[in-house]
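Following: one structure in structure tokens, then a few remarks.
All values below were derived from every heavy atom in this structure, side-chain atoms included, with hydrogens, water molecules and symmetry-related copies excluded. These numbers were taken from a predicted model, which means no experiment stands behind them.
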Amino acid sequence: GHESLAKFANTIRDVISNEVFDTILAASDSGHLAAYITSVIYRQAGIKLPITYIFPIFRHVDKERTIIFDNSISASRYTNLKDKNLGNVLFVDDEIWQGNTLKGVLDILKVLGATIDHLTVVAEDGGFNSHEVEKFYNVRVTFSPPQVRIKEIYNAFSYIVPPEFIKKIQ
């Protein structure tokens, strides 16, 4: 947990130091935490925080890739994104395996006609295949994982929340 958090923070610091982002996307509870930590790092670096959207994504597919829930039905909640170009986008989460949370967000954006020029993903690598996302959603993806997950061990930082963040999150 603690090591994962440090690696995530360092990766975010490196990524935002080398690239300007127009939008930050995150989803679900762990993504909300990742977005908050990202905002703290932006503040510490003295870099203006891009507009941030956090989506309430439900499990998109199961292990057999059977669609469980079509998140695109939530698109009506985000009419401000209709036909909008989000530019250079940073997607943050504690971990990414098959990319189901990311795909849920991209499904919503696709229904809205929103576009992304380039997508950078920062999350622990649980086996994510960025080429699948590039092909299906027609977006260039850079994957910057803070670390690779050790097989059968879920070591994402969302398993620990530092005490100084608990009150701010509540």
Side-chain angles (χ1 to χ4, degrees), residues 8-9 11-43 47-146 149 156-158 169:
F8 177 83
T11 302
I12 291 293
R13 191 173 297 108
D14 291 345
V15 167
I16 69 172
S17 295
N18 293 310
E19 196 165 348
V20 175
F21 293 96
D22 303 302
T23 308
I24 296 174
L25 300 177
S28 302
D29 52 355
S30 60
H32 199 152
L33 178 60
Y36 176 76
I37 293 166
T38 300
S39 74
V40 170
I41 296 165
Y42 263 91
R43 221 176 3 262
I47 301 170
K48 184 177 186 272
L49 182 68
I51 189 162
T52 302
Y53 298 100
I54 300 171
F55 297 84
I57 297 301
F58 299 98
R59 278 295 155 219
H60 188 245
V61 297
D62 61 17
K63 289 182 181 180
E64 286 75 41
R65 312 278 300 161
T66 306
I67 293 179
I68 296 173
F69 184 81
D70 180 3
N71 285 284
S72 66
I73 66 168
S74 300
S76 63
R77 299 169 72 184
Y78 301 96
T79 55
N80 59 322
L81 297 176
K82 184 157 181 54
D83 299 322
K84 183 175 176 110
N85 182 295
L86 301 177
N88 194 19
V89 173
L90 175 61
F91 177 84
V92 294
D93 206 348
D94 64 338
E95 60 86 27
I96 190 165
W97 175 41
Q98 294 179 339
N100 296 332
T101 300
L102 172 60
K103 291 172 188 173
V105 170
L106 295 175
D107 285 346
I108 291 170
L109 297 176
K110 192 173 189 178
V111 166
L112 292 167
T115 57
I116 295 173
D117 295 334
H118 183 255
L119 175 66
T120 298
V121 176
V122 174
E124 178 183 278
D125 184 3
F128 178 59
N129 181 351
S130 61
H131 302 296
E132 182 182 312
V133 171
E134 288 178 324
K135 184 177 177 183
F136 187 77
Y137 295 98
N138 195 30
V139 62
R140 287 184 311 117
V141 178
T142 299
F143 184 34
S144 299
R149 183 184 312 152
F157 67 76
S158 64
I169 292 169

To the nearest 0.5 angstrom, please state how far the CD1 atom of Ile16 sits from the CZ atom of Phe21. 8.5 Å
Are any of the side-chain heavy atoms of Val139 and Val89 separated by less than 4.5 Å? no
Checking side chain to side chain contact (heavy atoms under 4.5 Å, CB included) between Phe8 and each of Asp93, Asp94, Val122, which is the one that passes? Val122
Smallest heavy-atom separation, Leu112 atom then Ala75 atom, equals CD2-O, 3.5 Å
Between Asp22 (side chain) and Asn88 (backbone), is there a donor-acceptor pair under 3.5 Å? yes
Between Ser144 and Thr11, which heavy-atom pair has the shortest distance, and what is it? O-CG2, 3.5 Å
Flag, side chain of Tyr137 to backbone of Lys103, donor-acceptor distance under 3.5 Å: yes
Rounded to the nearest 0.5 Å, what separates atom CD1 in Ile24 from atom OG in Ser39? 7.5 Å
Verdict with supporting geometry, Thr101 and Ile96, side chain to side chain contact (heavy atoms under 4.5 Å, CB included): CA-CA 8 Å; Thr101 300; Ile96 190 165; over 6 Å; no
Donor-acceptor contact below 3.5 Å, side chain Thr115 vs main chain Gly113: no
Taking all heavy atoms of His32 and all of Ala26, pick out the closest pair and write down the distance. N-CB, 4.5 Å
Check for me whether Lys110 meets the cation-pi criterion with Phe136, that is, NZ or CZ under 6.0 Å from the six-membered ring centre and within 45 degrees of the ring axis. yes
Check whether any side-chain heavy atom of Asp29 lies under 4.5 Å from a side-chain heavy atom of Leu33, and answer yes or no. no
Checking the side chain of Asn71 only, and the main-chain atoms of Asp107 only, is there a donor and an acceptor separated by less than 3.5 Å? no
Answer yes or no: are there more than 12 heavy-atom neighbours, outside Asn85 itself, under 6.0 Å from its atom CG? yes
Enter the distance from Thr120:OG1 to Arg140:CZ here, rounded to the nearest 0.5 Å. 8.5 Å
State, yes or no, whether a side-chain contact exists between Leu109 and Leu25 at a heavy-atom distance under 4.5 Å. yes
Worked check of side chain to side chain contact (heavy atoms under 4.5 Å, CB included) between Ile116 and Leu106: CA-CA 10 Å; Ile116 295 173; Leu106 295 175; 3.8 Å; yes
Can you check whether Glu124's main-chain N or O pairs, donor with acceptor, with Glu95's side chain at less than 3.5 Å? no
In Å and rounded to the nearest 0.5 Å, what is the CD1 to OH distance from Ile108 to Tyr78? 6.0 Å
Answer yes or no: is there a donor N or O on one side and an acceptor on the other, between the side chain of Thr23 and the main chain of Leu86, under 3.5 Å? yes
Looking at Val15, Ile47, Ile12, which one forms a side chain to side chain contact (heavy atoms under 4.5 Å, CB included) with Ile41? Ile12
Testing Phe91, Phe143, Trp97 one by one against Phe128 for a ring pair (Phe, Tyr, Trp, His ring centres under 6.0 Å), which residue passes? Phe143
Identify the heavy atoms of Ile54 and Ala35 that sit nearest to each other, and give their distance. CD1-CB, 4.0 Å
